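Remarks on the structure that follows.
For clarity, every value in this text was computed on a predicted model and none was experimentally measured.
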Amino acid sequence: MYFFIPSGIPGGRYVVYMGLTKATWLWMHNKAGIFIIILVAAHLIIHWQWIVHTTRSFFRKKKKNSICNEKSGNLGSPIKKI
């Protein structure tokens with residue numbers, strides 16, 4: 001859409017694109033940007049506990065008795081080697 005929206009007033013004419021003036025396009029762009037920022041902020045507030053728990057579990061140190069024990073070669077499989 002960037003390449004199709006005319007910039008400025010060519011030849012002194014009043015430019016209208018898709019029935020809207022440049023001022024209307026700028027107004028819609030600004031209002032849509034503010035609306036998206038509000039939606040992102042609300043989304044982060046609603047899911048804040050999930051973000052905190054996921055971040056904590058990601059950076060938590062691994063325990064020695066984890067499912068995937070690299071030293072013994074056991075990948076957590078219930079099948080025992082014979």
**Item:** Same apolar cluster: V52 and I45, side chain cutoff 4.5 Å
**Value:** no
**Request:** Report whether W50 and I46 are members of the same hydrophobic cluster (ILVMFWY, side-chain heavy atoms less than 4.5 Å apart, transitive linking).
**Result:**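 In one cluster: no.
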**Item:** side-chain contact (heavy atoms from CB on, under 4.5 Å) partners of T24, counting only residues at least two apart
**Value:** L20, T21, M28
**Message:** So, using side-chain contact (heavy atoms from CB on, under 4.5 Å) as the criterion, who are the partners of L44 when residues are at least two apart?
**Reply:**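 If we apply the side-chain contact (heavy atoms from CB on, under 4.5 Å) test to L44, skipping adjacent residues, the hits are V40, I51.
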**Request:** If you link ILVMFWY side chains whenever their heavy atoms are less than 4.5 Å apart, which other residues fall into the same cluster as F59? By chain and number, please.
**Result:**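 F58, listed by chain and number.
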**Shared-cluster residues of I38, by chain and number - hydrophobic side chains joined below 4.5 Å** =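 So far as hydrophobic clustering goes, I38 is joined with I34.
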**Item:** From W25 atom CH2 to N30 atom CG, the distance as rounded to the nearest 0.5 Å
**Value:**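 If I round to the nearest 0.5 Å, the distance is 13.5 Å.
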**Set of residues satisfying ring-ring contact (aromatic ring centres under 6.0 Å, His included) with respect to H29, sequence neighbours excluded** =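 Result, ring-ring contact (aromatic ring centres under 6.0 Å, His included) vs H29: none returned.
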